[in-house]
Structures are given as C-alpha cells and as structure tokens.
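The structure under discussion appears below in the form of structure tokens.
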Amino acid sequence: MTAAGIVGTGSALPERVITNFDLEKLVDTSDQWIAERTGIRERRQAAPRETTSTLCIQASQRALEMAGLGPHDLDIIICSTISPDMPLPSTAAFIQHGLGARNVMSFDLAAACSGFLFGVTVAEQFIRTGKARYVLVVGAELLSRFLDYKDRATCVLFGDGVAAGIIGPVEPPSGILATTMRTDGNFAEHLYIPAGGALKPASCETVRAREHYIKMKGNELFKVAVRSLEEVCRNVLEKAQITANDLDLFVPHQANQRITEAVRERLGLCTEKVFSNISRIGNTSSASIPLCLDECVRSGRIRKGHMVLTAAFGAGVTWGAALMRW
Ligand code: ACO
C-alpha cells in the first residue's frame with residue numbers, strides 16, 4: 001500500500017472584507033455580540049464577477065504550483081461544496097475545464113463543513129490502492145449567495161473562500177495516519193436550505209418565504225458539534241495509538257471560537273497547539289480546513305514531520321477527523 005498525504009495546498013479569498021460593523025447596518029446585531037459569541041470580526045465576500053469555480057481554479061493552480069505538478073498529473077478532481085456554481089453540472093467539471101486537466105474523473109461532494117475531510121478520505125483510498133497518483137480536493141464555498149441578510153442568526157457567521165489540497169504518494173512516516181468520518185441525518189433540519197431542490201422546487205412562493213436561504217438551529221447544533229468533535233478526535237488518536245500530547249497542531253473547522261475552545265479543553269490541549277483564523281475569515285464551511293492548512297504551511301506553522309489533527313462538523317449532520325504526519 002502506498003502512503004498518501006497532502007503534497008500541496010493553495011487558497012483563493014475574495015478581496016472584499018465585510019466587518020461586523022458593516023453587518024450592524026443590515027441587521028439588529030453588534031460587533032460586540034458577534035465577537036463575543038463567535039470570535040468573528042470580519043469575513044470575505046465574493047464580488048459579483050467571482051463564482052465558486054473561478055476561485056476554485058485559482059486555489060487549485062496555487063496548490064499544483066506548491067506540489068510542483070501540472071494539471072495533466074491529476075487523476076481525480078473532487079470539489080466539496082454546498083454552494084456550487086449551479087445545480088447541474090458539477091463545479092468539478094468547471095474546474096477540470098479551467099485547469100485544462102485531461103483524462104480525469106471529476107465530481108462534487110456535498111458534506112458541508114466536513115466535505116474537505118470526506119474528500120481527503122476518498123482520495124486516500126485511491127492513492128493507497130494505486131488506482132490514482134494525484135487527487136485534487138477543493139473545499140469551496142460562496143455562502144454569501146445563500147445567506148439571508150435579514151436573518152441575524154446566520155448572516156453574521158459565514159464567509160466566502162476556497163482552498164485546495166493535492167493528495168499524493170508520500171514517504172512514510174509522513175502521510176494520513178487515521179481518519180474517521182460520520183453522518184447522522186436525524187439532525188438534517190438543524191441546518192438546511194428548504195427550497196430549490198426536488199422536494200420543494202423553486203417558485204415565487206418559496207422565494208417570497210425566503211426558503212432558498214440557509215436556516216439554522218445554531219444553539220442546538222452547538223452542543224452536538226462539541227460532543228461529536230471530541231468523540232471523533234479521540235477515535236483517530238486511538239486508531240493511531242497516540243495521545244493529544246503527541247500533537248504539534250490541532251486544526252478544527254472554524255465554526256465558532258467557543259466550539260473550538262470547548263473541544264480544546266475536552267482534549268486537554270494547550271491554546272498554542274490550536275489554530276484559529278475565524279476572526280478574519282468567519283465560517284467558510286468546506287473551505288475552512290484547507291484555508292487553515294494552507295495558511296499554516298505557508299507561514300511555517302506546519303512543517304515536515306509535524307503531527308497534525310484536523311476535525312470538522314457541519315450540515316447533514318456530518319463530522320470527521322483526520323490525523324496526518326506532514
Ligand atoms: N446579533 C445579536 N443577537 C443575536 C444574533 C446576532 N447576530 N444572533 C442571535 N442573537 C440573539 C438570539 O435572538 C437570542 O436572543 P434571545 O435570547 O432574546 O432569544 C440570543 O442572541 C441568544 O441566541 P443563541 O442562538 O442562543 O446564541 P448562541 O450563543 O447559541 O450563539 C451561534 C449562536 C453563534 C449560532 C452558535 O449557536 C453557534 O455557533 N452554533 C453552531 C453552529 C455550527 O456549528 N454550525 C455547523 C457548521 S456550519 C455548516 O455546516 C455550513
């Protein structure tokens with residue numbers, strides 16, 4: 001079996017910054033509430049000319065460059081997104097075309113905030129078994145296009161952004177050491193977009209009722225997120241037979257700084273070993289973990305040999321953790 005790991009990362013963030021003060025002008029909220037309850041101070045918002053796929057292509061080119069590869073080296077392209085350019089065809093098809101990759105299988109994956117880790121787990125299987133050599137996994141969201149800027153409970157949380165990882169063969173002891181991914185559809189309506197699908201097709205009524213926007217029961221999800229993240233982190237540490245003390249860095253999905261803090265405490269990690277960029281980026285769902293990884297790799301916070309634990313939780317609900325030695 002070939003060991004698989006992340007051999008390149010790249011990001012693409014829209015330039016436009018939306019601060020909490022900007023949102024104070026749209027909904028009944030305050031910088032103080034948002035910062036204290038979530039840790040978020042600003043987030044990015046795509047310009048009208050930007051789409052999920054245009055940012056995907058930029059991030060993927062940067063990841064290929066870091067890996068020292070070209071588009072023709074790719075065997076598979078997986079785009080994790082819940083905010084695709086359009087329902088049909090897949091955003092992955094636009095990425096394939098934009099990169100000029102040949103002979104690749106390209107598809108979208110919908111697992112919300114856990115999607116990048118789900119994609120890495122799929123990619124790992126192909127590389128381990130020798131069925132593929134390099135897999136591009138992109139976490140991509142333009143959630144601003146699906147947010148109700150009249151709903152203060154959701155519009156303050158999410159931001160736009162895209163980041164990519166190239167998964168490929170690596171020399172042990174580097175590589176993906178353990179993964180655990182889970183889903184529980186019992187909580188599906190805790191975070192969903194009611195209309196626009198086959199169940200409730202878009203109509204004037206659904207638009208009038210604002211049902212094409214994200215709806216969330218944040219308070220209830222909070223508790224499920226903390227419990228689930230702790231469980232899955234402990235599970236991968238146990239699989240790899242290491243303890244939290246052996247970690248160099250914990251990179252959690254950036255949903256809420258209070259969730260990160262609660263999980264950090266439960267795992268017994270010191271604050272220096274936990275990465276956070278939520279104050280600048282907000283919750284970018286699928287893009288959250290690869291944006292963090294790219295920032296850490298480029299700033300030297302993650303270096304070769306580091307033991308890195310990543311964990312995510314999102315709509316579905318889905319959750320998962322992946323342990324990697326860089
Ligand atoms: N500004 C001011 N007040 C607000 C705002 C706001 N933006 N939003 C809600 N409030 C109010 C509420 O109306 C409520 O008022 P009330 O007490 O008068 O009824 C009060 O603040 C408390 O509301 P809660 O919902 O209990 O606030 P909480 O502390 O739980 O924070 C939050 C809300 C930030 C959404 C939090 O619950 C959270 O982060 N949940 C988890 C979200 C998550 O993990 N989602 C999954 C990943 S995302 C994905 O998959 C795409």
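Each residue takes its place number in the sequence, starting with 1. Computed from heavy atoms alone, side chains included, the values below leave out hydrogens, waters and symmetry copies.
- Side chain of Ser279 to main chain of Gly39: no donor-acceptor pair is present (N/O by atom type, distance under 3.5 Å, no hydrogens or angles).
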Open item on the list: Applying side chain to side chain contact (heavy atoms under 4.5 Å, CB included) to Leu229 and Ile259, what does each step give before you reach the verdict?
Closed with: CA-CA 9 Å; Leu229 285 168; Ile259 295 180; 3.9 Å; yes
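- Salt-bridge formation is not detected for the pair Arg62/Glu65: no Lys NZ or Arg NE/NH1/NH2 atom is positioned less than 4.0 Å from an Asp or Glu carboxylate oxygen.
- In terms of heavy-atom proximity, Ile289 sits nearest to Ala312 at CD1-CB, 3.8 Å.
- Interatomic distance, Gln58 CD to Gln61 CD, rounded to the nearest 0.5 Å: 7.5 Å.
- Environment of CZ in Phe126: sparse, with no more than 12 heavy atoms of neighbouring residues, nucleotides or ligands closer than 6.0 Å.
- In this structure, Ile6 and Leu293 have side chains that are in contact, with non-hydrogen atoms separated by less than 4.5 Å.
- What you find for Phe275 and Pro252 is that their closest heavy atoms are O-CD, 3.5 Å.
- Judged purely by atom type and a 3.5 angstrom limit, Arg325 has no side-chain atom pairing as donor or acceptor with the backbone of Lys304.
- Looking only at distances, no side-chain donor or acceptor of Glu42 sits under 3.5 Å from a matching main-chain atom of Ile18.
- Taking 4.5 Å as the limit, some side-chain heavy atom of Val224 sits within range of a side-chain heavy atom of Phe187.
- With a 6.0 Å radius and a threshold of 12 heavy atoms from other residues, nucleotides or ligands, Arg16 has its CZ atom at or below the threshold.
- Contact detail for Ser11 and Ala59: the closest heavy-atom pair is C-CB, 3.8 Å.
- In terms of hydrophobic clustering, with Ile, Leu, Val, Met, Phe, Trp and Tyr side chains grouped at heavy-atom distances under 4.5 Å, Ile167 and Val297 are assigned to a common cluster.
- Atom CD of Glu238 is surrounded by 12 or fewer heavy atoms from other residues, nucleotides or ligands within 6.0 Å.
- For the residue pair Ser114 and Gly320, the shortest heavy atom distance occurs at OG-N, 4.4 Å.
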Open item on the list: With side chain to side chain contact (heavy atoms under 4.5 Å, CB included) as the criterion, how do Ile242 and Leu323 come out once you've worked through the C-alpha distance, each side chain's angles and the decisive distance to 0.1 Å?
Closed with: CA-CA 10 Å; Ile242 66 164; Leu323 179 70; 3.7 Å; yes
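- The CG atom of Leu142 lies 4.0 Å from the OG1 atom of Thr52; values are rounded to the nearest 0.5 Å.
- Within a 6.0 Å radius of CD in Glu171, other residues, nucleotides and ligands contribute 12 heavy atoms or fewer.
- Taken from CG in Leu237 to OG1 in Thr243, the straight-line distance is 7.5 Å, to the nearest 0.5 Å.
- A side-chain N or O of Thr180 and one of Lys239 form a donor-acceptor pair less than 3.5 Å apart.
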TODO: Given side chain to side chain contact (heavy atoms under 4.5 Å, CB included), test Ile281 with Leu291 step by step and report yes or no.
DONE: CA-CA 9 Å; Ile281 308 287; Leu291 279 171; 4.0 Å; yes
- [ ] Might you work through the salt bridge (charged side-chain N to carboxylate O under 4.0 Å, His left out) test for Asp160 and Arg43, ending with a clear yes or no?
- [x] CA-CA 7 Å; Asp160 295 341; Arg43 72 288 290 143; over 6 Å; no
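- Checked by atom type, the side-chain pair Thr91/Asp85 shows no donor-acceptor distance below 3.5 Å.
- The hydrophobic clustering, which links ILVMFWY residues whose side-chain heavy atoms are closer than 4.5 Å, places Val274 and Trp319 together.
- A side-chain donor from one of Ser276 and Gln257 sits under 3.5 Å from a side-chain acceptor of the other.
- For His72, the NE2 atom is densely surrounded, since the number of other residues' heavy atoms within 6.0 Å is greater than 12.
- Contact check on Arg182 versus Glu231 returns a salt bridge, with a Lys/Arg side-chain nitrogen under 4.0 Å from an Asp/Glu carboxylate oxygen.
- In terms of modelled atom types and a separation under 3.5 Å, the side chain of Arg44 and the main chain of Gly159 share no donor-acceptor contact.
- Checking Ser286 against Glu141 by side-chain atom types alone, a donor-acceptor pair falls below 3.5 Å.
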TODO: Dump the intermediate steps for side chain to side chain contact (heavy atoms under 4.5 Å, CB included) on Phe118 and Val120, then the final yes or no.
DONE: CA-CA 6 Å; Phe118 277 37; Val120 167; over 6 Å; no
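- Of the possible donor and acceptor atoms, one in the side chain of Glu24 sits under 3.5 Å from a partner among the backbone N and O of Asp31.
- Hydrophobic clustering places Ile214 together with Val156 (ILVMFWY residues linked when any side-chain heavy atoms are closer than 4.5 Å, directly or through intermediates).
- Of all heavy-atom pairs spanning Cys79 and Cys56, the tightest one is SG-SG, 4.2 Å.
- When atom types are taken as modelled, the side chain of His97 and the backbone of Phe94 share no donor-acceptor pair closer than 3.5 angstrom.
- By the 4.5 Å heavy-atom criterion applied to side chains, Lys215 and Leu191 are not counted as neighbours.
- Here OG1 of Thr38 is found 7.0 Å from CH2 of Trp33. Values are rounded to the nearest 0.5 Å.
- Salt-bridge check for Arg133 with Asp75: failed, with every basic side-chain N at 4.0 Å or more from each acidic carboxylate O.
- The closest side-chain heavy-atom distance from Asp108 to Ser80 is not below 4.5 Å.
- In this structure, Asp248 does not pair ionically with Lys273, as no charged nitrogen and carboxylate oxygen lie closer than 4.0 Å.
- Residues Phe107 and Ile76 have side chains in contact (heavy-atom distance under 4.5 Å, counting atoms from C-beta outward).
- For the pair Ile176/Thr121, no side-chain contact is recorded, criterion being any heavy-atom separation below 4.5 Å from C-beta on.
- Put simply, Val137 and Val104 are part of two different groups of oily side chains (I, L, V, M, F, W, Y) that touch within less than 4.5 Å, one to the next.
- A salt bridge links Glu295 with Arg280; the closest basic N to acidic carboxylate O contact falls under 4.0 Å.
- Between Leu74 and Val135 there is no side-chain heavy-atom pair separated by less than 4.5 Å.
- Salt bridge present: Glu230 and Arg234 bring a charged side-chain N and a carboxylate O closer than 4.0 Å.
- Closest heavy-atom contact between Gly119 and Ile78: O-CD1, 3.8 Å.
- Note that CG of Asp148 and CG of Asp151 are 5.5 Å apart. Values are rounded to the nearest 0.5 Å.
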Task: Step-by-step salt bridge (charged side-chain N to carboxylate O under 4.0 Å, His left out) determination, Arg258 to Glu261 - done: CA-CA 5 Å; Arg258 289 186 296 131; Glu261 193 47 31; over 6 Å; no
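- Under the 4.5 Å side-chain heavy-atom criterion for ILVMFWY residues, no single connected hydrophobic cluster contains both Val263 and Met181.
- Proximity of Leu143 to Leu157: side-chain heavy atoms (C-beta onward) are nowhere separated by under 4.5 Å.
- Distance OG/Ser203 to CZ/Arg208: 8.0 Å, rounded to 0.5 Å.
- Contact check on Asp28 versus Arg152 returns a salt bridge, with a Lys/Arg side-chain nitrogen under 4.0 Å from an Asp/Glu carboxylate oxygen.
- Although no hydrogens or angles enter the test, the distance criterion places a donor-acceptor pair under 3.5 Å between the side chain of Thr318 and the main chain of Ala111.
- Around the NZ atom of Lys131, the shell of radius 6.0 Å holds no more than 12 heavy atoms that belong to other residues, nucleotides or ligands.
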